[in-house]
Structures are given as structure tokens and as C-alpha cells.
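Presented below is the structure to which this report refers.
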Amino acid sequence: MGKAAPKQTDDLEAMRHSLAHIMASAVQKLWPEAKFGVGPAIEDGFYYDIDLADKTISEDDFAKIEAEMIRIIKEDQKFEHSNQPIDAAIAWAKSSKQPYKEELLNDLKREGTTLASELNSSMMGLPAGISGVTPAKAEVGEVSFYKNGDFIDLCRGPHVASTGKAGAFKLTKVAGAYWRGNEKNRQMQRVYGVAFPSQKELDKYLEQLEEAKKRDHRKLGRELDLFVTSPLVGAGLPLFTPRGTVLRDELNKYSQELREQIGYQKIWTPHIAKQELYEVSGHWDKFGDEWLKVQSQESHDNLVMKPMNCPHHQQIYASRPRSYRDLPLKYMETTTDYRDEKAGELLGLSRVRAITQDDSHTFCTPEQIEEVLKALVIVVKDFYKVLGLPLKVRLSFRDESDSYLGDKKLWDKAQGIIQKVVEDSELEYYEGIGEAAFYGPKIDFMAQDALGRELQVATPQLDFIQPERFGLKYADKDGSEKTPVMVHFALLGSIERFLSVYIEHTAGRFPVWLAPEQIRIITVNQEDKTTKFAESILEKAKELSIRAFLDNDNESVGKKIRQAETMKVPYTIVIGEKEIESGEVIPRVRSDMEVQREHVSHKIEDFLGTVRNEVRSRVTKTSL
RNA sequence: GCCACCUUAGCUCAGCUGGUUAGAGCGGCUGUUUUGUAAACAGUAGGUCGUCGGUUCGAAUCCGACAGGUGGCUCCA
């Protein structure tokens, strides 16, 4: 590493943003017909959206682009700032055949600074505020430009002083990206790069990325024998093995226990329903073309595989008259929904076509909303604390578009309630404008996968719309008929998505209560005496509902230990002459588990008892 | 659905610019070994190179379509 490189975020932002310009200059040099969209700094680097008409950039072109970028960096071109009157800028865009820039400038002329916030958030596919790019400083009627070498770009800056100060970078990938994030617009090519102040930091980052790949839930899912996929079954339809099913069941059991404690009752509903049900709920209009349809030969019913459960649950509510005394009425059901996601939108377990939700619905009076939501937030906190999974909180609110049902005033009220609950619960949060469901605002609890992608897990959602549409009623104290409010809630979210995040978070090292295999019993030899003794331990463990497995293969002890460690089994005991004589074992603890590594001998019964208690109380740290 | 890329044995991967019978490690199976806390030794069986079609004297290798997958974009109740 040379002289102390700038380390402040601002400088890093400027470096990355400058590299976006340098990349654009390089591309323009190589393909002069290139038309440019936007090119901001992002979390680990930068990108630029490019339209090359006939030519498509592929990763094979990266070496060429990188070489040109390095040439520009070596030339140490100055980044020169200037402000131009907006009309002159538009004329520039026209004459230099940059239609995308021209469109931006025209919007800027028309809408002023609102464009800056658009550029800052939605254009980058990031929540507002993350980019940290400072807004335009140009005078009203003027726009800001930066120039390096022959390359001129509409840009708010800031930039480093010259191209030589842009730091270490590497182009990583190219992807299609719709102009202004709109599917109806032309798709441009987005070239991504990562960038850091020094080569050393860049190398470190790339190394971390390699490490993250080792935690990929798809890789671990295979290695730990948790789930598989089959082209014959179909895309986005994972199959869970015995071990993976243990995880699903244990997680669901805990999810249901916590909700049972705050009054949720289990219900059951079928997996298909008439299309009409969803026409009433409002889902059909919005999502109907993404569902799996089932045609009845007997009746003329148009049926669909259920894509969500709320309408079913509402029909149970609607099945008899309800009084305010019945409220809040709390139903829960863990069940699988089916959505025909478009091919390119499937992603490991986190986006599948058969989605198991630990769903629940609460019907309550408007006065009860706060209390209901608060109880749910506590459940979320408890659950994720035990799991050790850190969450971010997003308040998903509506935007000004017309894709939401219901009265705007009701929305404002609902969003206010949600915000209050989160603030009262002392949670840090950010707002996701435009992230609401069409029927109401949500609190989205977000977890991160190994690559840092944020995925929604737990989510309480407010809904004033559907109870209205289904004509749900309750008799209030004064005998008048009122419409209940509905609160949707899932604690795991979808079990599949939750597992994708959780497998990556733990790297497959599950706490003992969740581990598909809790104890592995390894025999030193295959003599009758040893086998019988080991089998008797296996039986005892099973009597205590411990998931124990016996490895009586004809292999060395070293190898069997290794295999147990590879499968991330929390406890391993070795059975040989010594153990048979003493009736005691020295348990071997999985290498990541924080426990004193003294080789303490335990009576076998005591050891099994300790493990059973650990499983029952769901403690995350072993007490051995 | 869109853009780029990937698909060779159960798994991880070799196989140079098209040239005979496609290789390795792990795993599996068989035998020897009876093992003391992260890999005993030997032998052996597994592949119509994702599928279909095309170019060519000749295709794992080049082209196309489809399927599955990866990273993005769009969408996400």
C-alpha cells in the first residue's frame, strides 16, 4: 500500500463514482456510439448503464475495458466541474446524441430537484439514503457537469481531483437493467465494478466474497443433505430430505408455540379455491396472471392453487355472526401457497413456486390494532433473539401511485399506527416508500443473506380493505354493526426463504435444538460388545427424543470424527473399551460451539440428560 | 419475462485453438485392516459430455432451440 489512502466514506463514494465516469470514458473510447444512462456509486463499488445498440457487452470485454480504464487512470486526467444553463445542457445532450441524458435534463428542467431524489433512490435500486450521493448543488436553472479527458457527463459529483486518485477496482458483472427501472422501457446494459482505496482492500473484499460463496444455502443444502431439486419436479419446487424436514418442523413448532401463547388458534384450509374468492378479495385483478389454475371437469368452477391464505381465513370469520366480545380473533395456519413466479425470478430457496407460510390473521376492532401489533413485535423480537439472526426494520408505506386500494386517509392513519408501534417498541427503522401491500402498510423485518442481499422474513401487515370487501362485520357494544380490521402476520415469513437466510447466517451450524442430528455415536470397532453398547445408548437417546445417529462403519475413528464435523453435528461421542467399562463418555463438541474444551467425563445418562434439557429450553449456548 | 454467463460420473472439477477407446479426487461397492478424537490400504463399477436439431470427413469442443442453474433488472400478496 502506498501513501495513506483516504478512508472516509465520502472519499470512497467519490472514488467509486469517479470510477463510474472513468469506465464510461473507456467505453466511449472503445465504442464511440455508446449512449449512457446513469452511473452511481453503490455499496461496494459502482455501475454505469450503457446502451450500445447492436453491440452487447459481455464479460469477455472486461479485460479490454479495464485496460482502457487503467490507461485513463495513468493519464491522471483532471475532473473539471462546471455549471451550465439547463437549455445549453439540453443542446449539448442533443448534439452529442445522448438521448437518455437529454430525457433526464428535460425532466430536471420540468420538475427541478425532485429528480435528484429519484436518481438517488429508485434508479439505483437501493433504499433512499443508502447511496449517500449529495444532491445537485447547481443554481436554479443550471445543471452541474464534470469533465475528464474528452468525456463530459451530467453529474452532481462529488469526484476525486483526478483519475489517478480513483483507487483499485475490478469489473465484476454485466446485467440487463431497464431504463429508469421501468419494464416498459428499453433495456440497457449495466456494467458493475467493485472498488476500494487500495488493491489490498480490494483483494480482501474479493476474498470475503469467495468465503461468502461457501455459505451459499444451495451448496450447504446439498452438503448437509437438507433439500434437493429435480428438473423433473420442476423449477422452484425444492424437495426436503429428512434432515431438512426436521428444520422445517422445529422452526414451525417454535413459531406456533410463541403465537399460541398470545392467543392464536390453529386452523386448516384446503389448497385450492374458486377464482371468485380472489376476485372479491382484490388479489385476482392484481396477481391473477401469476397463479396456477385448476380446471374442474365436474363443475364449471374455475379453481386456483391458493396463492395466499387471507381470503380463506376470512371465510371462517364470516361463517357466523361475531361480537366485539370475540375480538381479537386470532387464527394461524402453516400451509403452502403456490405462485407461478416468472422463470428469471426464482432464486434458490428464497424465491420458490411452493411457498410455505407460517401465516396468521387477526380480526380486531380499530382500538385493538396497537395492542395486537405490539404483541406481534414482541414475538418477532423473542424469536429472532433465540435464533441469533439480526434484523432491520422497514416500514413499508404506499407511494402516490394508484396501485393501492382504499381511502388515502385510512392509509395515513394505518401508517401512523404502524410507525407508533415501532417507535414505542424502540426499534430502529427505515421507510420503504412504495413497498406496501396493495391492501395496507407493513412492518417488514429484513434479514441478510451471505451476499448481503436483504430479504423480508417476519411481517405484520395492516389491512382495512379486505374485511370491507368481504363484508365482514361484528356487533359492537351499542349493537351497531362494524367492520373489523385485519392484521396479517407471518413470523418466519416463508419457511423456505427463512431457511435460505438462516442456513447462510449459521453456515449450517445450527443450534442443538434445531440440528437435524444432535448426537453422533461413533464406535471404535465393530465387535459385538461395542455395537451392542452403542446401540443401547442410541436407544436411550431416542427415548429422550434426542436425534441421535450411530456410525458403526468399518472406518478409522479419525475419519468418523471428521465426517461428524463435516455434517456439523453438535455432539459426538466415541464408544470403545473404556466407555463400556466406565459407563462414562467425553463428549466431543462441534468446533464452532463456545464451550470450555476441557475433556470432562460425563456419566452417559447425565450427558444425555444435559443435551435433552438444552434441546427443550432452546438455549443457544451449550451447558456442557 | 428481459440481459449476461454456466451445464462433463452421485459430488467437486481437468479435458489447449474440433481429431481415435473422455480423465482425477472425494463418495459408492468388494476385499484386507479392528481402528481411540478432522481422511487406513488395495481393487472395482459409474458418463450416449443437460436435451433435441444443425454445420463438418469428424463435435464434449462451433451454431440454434429448449430445459435446468447463477448474477442482475422487472415483479414480489
Side-chain angles (χ1 to χ4, degrees), chain A residues 47 49 56-62 125 172-192 213 216 218-219 222-223 225 228-236 278 281-284 286-291 306-311 337 339-348 350-351 355 357 359 396 403 435-440 442 444 451 453 455-456 459 461 463 465-466 488 490 494 497 522-527 530 553-566 572-579 585-591 599:
Chain A
Y47 70 75
D49 284 347
T56 54
I57 296 176
S58 89
E59 289 178 21
D60 299 338
D61 297 310
F62 284 0
T172 51
K173 58 200 174 193
V174 57
Y178 299 105
W179 168 236
R180 309 198 83 163
N182 187 335
E183 199 176 4
K184 294 190 178 79
N185 287 341
R186 185 175 165 83
Q187 191 166 46
M188 308 181 73
Q189 284 195 291
R190 178 170 296 177
V191 180
Y192 286 90
K213 280 186 193 159
D216 189 315
R218 292 159 296 209
K219 183 173 148 68
R222 163 161 289 291
E223 289 172 357
D225 192 19
V228 295
T229 53
S230 153
L232 261 183
V233 176
Y278 307 102
S281 73
H283 290 97
W284 175 260
K286 198 162 165 68
F287 301 112
D289 52 348
E290 293 162 36
W291 294 352
K306 72 172 169 185
M308 82 279 303
N309 315 303
C310 16
D337 297 339
R339 296 173 190 173
D340 197 14
E341 303 282 2
K342 295 181 208 161
E345 285 163 356
L346 299 171
L347 173 65
S350 40
R351 196 79 183 267
I355 310 144
Q357 305 199 48
D359 211 354
S396 296
S403 47
E435 299 288 348
F438 73 87
Y439 48 71
K442 315 184 277 176
D444 285 323
L451 291 177
R453 291 179 291 210
L455 297 165
Q456 175 232 301
T459 172
Q461 313 181 349
D463 187 350
I465 310 301
Q466 291 191 62
H488 307 246
S494 104
R497 171 178 291 192
I522 289 175
T523 50
V524 171
N525 58 49
Q526 282 67 56
E527 287 162 15
T530 319
D553 285 358
N554 178 9
E555 293 286 355
S556 68
V557 171
K559 178 152 181 180
K560 293 205 239 181
I561 291 280
R562 182 187 152 81
Q563 284 169 342
E565 186 70 47
T566 311
T572 305
I573 52 173
V574 176
I575 300 302
E577 201 67 33
K578 279 186 291 186
E579 288 74 17
V585 287
I586 301 173
R588 188 182 193 285
V589 180
R590 197 217 281 143
S591 60
H599 292 262

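In this text, all values refer to a predicted model and were calculated from it rather than measured experimentally. Letters A, B, ... are given to chains in the order of the sequence lines, protein chains preceding strands, and every chain is numbered from 1.
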Assigned chi class of B:rG25 under the 90° convention is anti

Pairing residues for A:Tyr192 by the ring-ring contact (aromatic ring centres under 6.0 Å, His included) criterion, not counting sequence neighbours: A:Tyr47

The criterion is side-chain contact (heavy atoms from CB on, under 4.5 Å); which residues satisfy it with A:Ser494, sequence neighbours excluded? A:Ile355, A:Glu496, A:Arg497

A:Lys560 side chain N/O closer than 4.0 Å to the phosphate oxygens (OP1, OP2) of B:rG36? no

5'-to-3' dot-bracket of RNA chain B (Watson-Crick, G-U; under 3.5 angstrom; crossing pairs as [ ]; | other strand): (((((((..((((.....[...)))).(((((.......))))).....(((((..]....))))))))))))....

With sequence neighbours left out, the residues meeting ring-ring contact (aromatic ring centres under 6.0 Å, His included) with A:Phe62 are none

What does A:Trp291 touch in the nucleic acid at a heavy-atom separation under 4.0 angstrom: a base, only the sugar-phosphate, or nothing? base

Expressed as a whole number of Å, how far does the P atom of B:rC63 sit from that of B:rG10? 27 Å

Going 5' to 3' through nucleotides 64-72 of chain B, assign each nucleotide B (protein heavy atom under 4.0 Å from a base atom), S (under 4.0 Å only from sugar-phosphate atoms) or - (no protein heavy atom that close). ----SSSBB

May I ask you to say what A:Arg351 touches in the nucleic acid, namely base, sugar-phosphate or nothing, with a heavy-atom cut-off under 4.0 Å? base

Do A:Thr56 and A:Gln189 meet the criterion of a side-chain donor-acceptor pair at a distance under 3.5 Å? no

If you check the A:Val524 side chain, which of B:rA4, B:rG36, B:rC11 turns out closest? B:rG36

A:Trp291 meets the ring-ring contact (aromatic ring centres under 6.0 Å, His included) criterion, sequence neighbours left out, with A:Tyr278, A:Trp284

How many whole angstroms separate atom CD of A:Glu341 from atom C1' of B:rC76? 6 Å

